[in-house]
Amino acid sequence: MAATTGSADTTTEIPATPGRDDNEARGMAPSTTVADDDAGNEQCEGVRRSDPRRWWRRAGVTTLFCVLAVLMVRPTWHEITTSVPANLGDPPFIGWFLAWGWHASHTSPLHMFDANVFWPYVNTLAWSESMLPAVPVFGLLFVLSGNPLFAMNMLMLGLLLVALLSTYALTRWLTSRTDAAIVAAVAFGFTGFMLGQWGHMHLWAVGFLPLGFLLLFRLLEDPTYPRAVVLALVNTCIMLLALYFGALWALCVPVVLITWCVRHRPRARMVGTLAVCGVLTAALAIPALLPYQNAAGEQGLERPLDPTLYMDLKDLATPPAGSFVWEEILPEPERGVEHVLFPGMVVSVLALVGFTGFLVTRRREATDLETTAPDAPDAPDAPGVTAGSSPIVVPDRRVFVWALLNCGLVSFVVALGAEFHGFEGMPFRYLHDYVPGFTGIRGASRLVVVAVLAWTVLAGIGYAWVTSAVVRRRALAWTICGATVALVCVELTAPLGWKHFDRSTERLAVYEALAEAPDGAVVELPMPNVAVDPDAWAYLEAPRTLYSSWDWHPRLNGYSGYIPSAYSKDVETMSTFPSPESLELLAERRVRYVVLHEGMETAHLDYDPLWKDEISDIIDYLPEGATAERHGDAWLVDLGPVPTDRPEAPPLP
């Protein structure tokens, strides 16, 4: 049966040739080779969707990516169940966010954003990054294991697998090459951006971006309402898993549509499916985004521009700290993980080759590919394939490569921040000042991720071009693919540290006692002052947020991306506990419990915790009616019953 190619306006009939499959009729490798194109063939009649080879290939690729993820991350069972990635700052806080989302979803879903930190403020969950779509998966893992650390770490590894699989699917759809797609997926999944953000699990949700591009491209190629619904679900995940990527995705979608419309005339069905997708995305995402908009607008919580978090061109040559290959050659990051963007030398060379090949190879119709390759043993009548002669991108999908490259260019420019070498009119400044969603972004360098994706897809295209002469020789093709993947992995490998999270009986005793205690807000002492020592505040309060999931009492303490202006004054007052001023503050905020932590409380060695003599003096001066009991390595002070409703909070800036 004839297959058709072309735009919305024109079609070119490609007659079927006896002895050749639909792939060959389109000028691509037959489905028995490394370059099979099941994704493209789904559009053609006569292709069996139930072909078991497709499922075996998918299972094999998934298994390969699981093995590579384990090799690159190198987790042990002990680390997965007892530790958090990188440090005791953001990772425990992310664990708390997921645990609170799961807890609130089945206890008080209408008040999910009124989290138990920074009591008595409301909407405090919106003071941090969002990972709401990951909450059900975390909840399932937590129910099965009973261990929040295991649930969080397995979710993080799962997000890495999503990044690998979605990049693979996008590149394979564009190139019709399984081996090239594997190379691109490995290049993106283990790039310096990903490994540099070890510990920022919300940023590992970046894998939904290539999935979003793939679904948007397929919707434009063949508009159907089921695809519009699926794309809307993925859009929602992108927008709610990481606000950085949601804002970036909002820039990329118009760029893709404009690129498409330059080459094709919009059809009524395409416009209709896009409208359905947009309406459904808004219906799903807006209710969850409104609290964030409220925090940025009505509550006056905005993040100022931070030049130290703008991307610099030298970041592209900055590998992760301790890189096994590049540690002695390239400089280690001097300005933190936000500037670790090295894609690898192998990937960069392949990407340059891919861009060159994409420019110099012209689109060929099937009639231009009738030359046979007599030395191809498994396909004697297959069209000849030599480097630079065959299309390295499926012909009708070249426009989507251009769309991805255009999005990458936008991503790169925005990541440079509000100022670049003295020029202050950069696009990010206007986005930050005038576009909703960008007001909460400080780390502009994170927005380079679509440029990284485009670069790695180009690397896959480059690999397809330089290996096109051997694609029919399966053993040789897979040997080259394996060697390339090994080179990329070795080059990008870097040590990924874990930090033990104390879940000992001594540490958890006071939280388990609180879990059995009557309702009432809690303050945990000592409280570090974020204005004086932000590191001590982070490494002390972030673990406390996760510990609070053992009892879920409200906390006067808190850790987040925003801090109330009154917080520093509260810290100073509480440092005098049990002075009359501190007791007055606790009565005003309706705080019933005070936890006095004894001994070393944090990995931040510069912070001086409470000691036995100090706690003894505090207990001696407690007000009449208060009680104090020791639980593990802490004391729990009960000041007596107080009203449990939320009092009026101090004004926000």
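- In this structure, the ring of W102 has its center no less than 6.0 angstrom from the ring center of F142.
- Rounded to the nearest 0.5 angstrom, E338 CD and D306 CG are separated by 10.0 Å.
- Counting heavy atoms from C-beta outward, M152 and P85 have side chains that approach closer than 4.5 Å.
- Between W552 and W100, some side-chain heavy-atom pair lies under the 4.5 Å cut-off.
- Here W77 and F150 bring their ring centres to under 6.0 angstrom of each other.
- Here the closest non-hydrogen pair linking N557 and V523 is OD1-CA, 3.4 Å.
- One distance of note links OG1 of T573 with CE of M527; it measures 9.5 Å at 0.5 Å rounding.
- Checked against the 6.0 Å centroid criterion, the rings of F193 and F188 do not qualify as a close aromatic pair.
- Of the possible donor and acceptor atoms, none in the side chain of T167 sits under 3.5 Å from a partner among the backbone N and O of L164.
- Looking at L496 and L195, their side chains come closer than 4.5 Å, going by heavy atoms from C-beta outward.
- Residues E524 and Y511 have side chains that bring a donor and an acceptor to within less than 3.5 angstrom of each other.
- Distance check: M112 CE to L132 CG gives 6.5 Å after rounding to the nearest 0.5 Å.
- Between the side chain of R590 and the main chain of D645, a donor-acceptor pair closer than 3.5 Å is present.
- Ring-centre distance between Y121 and W127: below the 6.0 Å cut-off.
- The shortest heavy-atom contact between M131 and L98 is O-CD2, 3.9 Å.
- In this structure, I441 CD1 and L309 CG are separated by 11.5 Å, a value rounded to the nearest 0.5 Å.
- With hydrogens and angles ignored, the 3.5 Å screen pairs a side-chain donor or acceptor of R74 with a backbone N or O of L71.
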Can you list the steps and then say if S130 with L241 is a side chain to side chain contact (heavy atoms under 4.5 Å, CB included)?
-> CA-CA 6 Å; S130 171; L241 278 170; over 6 Å; no

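- Looking at heavy atoms from C-beta onward, R592 lies in side-chain contact with P641 at the 4.5 angstrom threshold.
- Although no hydrogens or angles enter the test, the distance criterion places no donor-acceptor pair under 3.5 Å between the side chain of R544 and the main chain of A542.
- The side-chain heavy atoms of V591 and V522, taken from C-beta on, include no pair separated by under 4.5 Å.
- Using the six-membered ring where Trp is involved, H202 and H200 have ring planes that are tilted, between 30° and 60° apart.
- The closest side-chain donor-acceptor pair between D114 and W119, if any, does not fall under 3.5 angstrom.
- A donor-acceptor pair is defined here as one N or O able to donate and one able to accept, closer than 3.5 Å; no such pair exists between the side chain of S323 and the backbone of P320.
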Kindly determine whether M194 and V206 satisfy side chain to side chain contact (heavy atoms under 4.5 Å, CB included), including the steps that lead there.
-> CA-CA 9 Å; M194 293 287 286; V206 68; 3.3 Å; yes

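- Nearest heavy atoms, F501 versus P92: CE1-CB, 4.1 Å.
- Checking side-chain atoms of N116 against main-chain N and O of H553 turns up a donor-acceptor pair under 3.5 Å.
- If you check the side chains of W537 and N529, you find no donor sitting under 3.5 Å from an acceptor.
- Of the possible polar contacts, none joining the E512 side chain to the A509 backbone as a donor-acceptor pair under 3.5 Å is found.
- The 12-atom threshold is exceeded at CG of D617, counting heavy atoms of other residues, nucleotides or ligands nearer than 6.0 Å.
- V84 approaches P91 most closely through the heavy-atom pair CB-CB, 3.9 Å.
- The shortest non-hydrogen separation linking A418 to F428 is N-CD2, 3.8 Å.
- The backbone N or O of E79 sits less than 3.5 Å from a side-chain atom of T76, completing a donor-acceptor pair.
- Checked by atom type, the side-chain pair D90/Y559 shows a donor-acceptor distance below 3.5 Å.
- Contact annotation: the side chain of F342 approaches that of W326 to within less than 4.5 Å [non-hydrogen atoms, C-beta and beyond].
- A 4.5 Å side-chain heavy-atom check between Q293 and P436 finds at least one atom pair inside the cut-off.
- Remark: L157 CG to C66 SG distance equals 9.5 Å, nearest 0.5 Å.
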Worked check of side chain to side chain donor-acceptor pair (under 3.5 Å) between W498 and N87 = CA-CA 7 Å; W498 296 79; N87 56 61; over 6 Å; no

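- S549 contributes no side-chain N or O that, together with a main-chain N or O of T545, makes up a donor-acceptor pair within less than 3.5 Å.
- Side-chain atoms of T81 and N147 include no donor-acceptor pair closer than 3.5 Å.
- Contact of the Y310 side chain with the L416 side chain is not registered, since no non-hydrogen atoms from C-beta on lie closer than 4.5 Å.
- Taking the six-membered ring for Trp, F138 and F97 have ring centres at least 6.0 Å apart.
- With rounding to the nearest 0.5 angstrom, the OG atom of S445 is 7.0 Å from the CG atom of D315.
- Heavy-atom contacts from other residues, nucleotides or ligands closer than 6.0 Å to NE2 of H500 number more than 12.
- The closest donor-acceptor contact from the side chain of N153 to the backbone of L149 lies under 3.5 Å.
- The minimum heavy-atom distance linking W635 with R630 is given by the pair NE1-NH1, 3.1 Å.
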Decide yes or no on ring pair (Phe, Tyr, Trp, His ring centres under 6.0 Å) for F118 and Y567, but give the supporting numbers first.
-> CA-CA 8 Å; F118 294 119; Y567 189 77; 5.4 Å; yes

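- Counted by atom type alone, D638 and T627 present zero donor-acceptor pairs between their side chains at under 3.5 Å.
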From CA spacing to verdict: ring pair (Phe, Tyr, Trp, His ring centres under 6.0 Å), Y244, F438 = CA-CA 8 Å; Y244 280 89; F438 285 86; 9.5 Å; no

Working for side chain to side chain contact (heavy atoms under 4.5 Å, CB included), residues S560 and F93 | CA-CA 8 Å; S560 186; F93 176 72; 4.2 Å; yes

Would you sort out whether V325 and T493 count as a side chain to side chain contact (heavy atoms under 4.5 Å, CB included), showing the intermediate values?
-> CA-CA 8 Å; V325 173; T493 299; over 6 Å; no

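- Under 3.5 Å, the side chains of H339 and D312 contain no donor-acceptor pair of N or O atoms.
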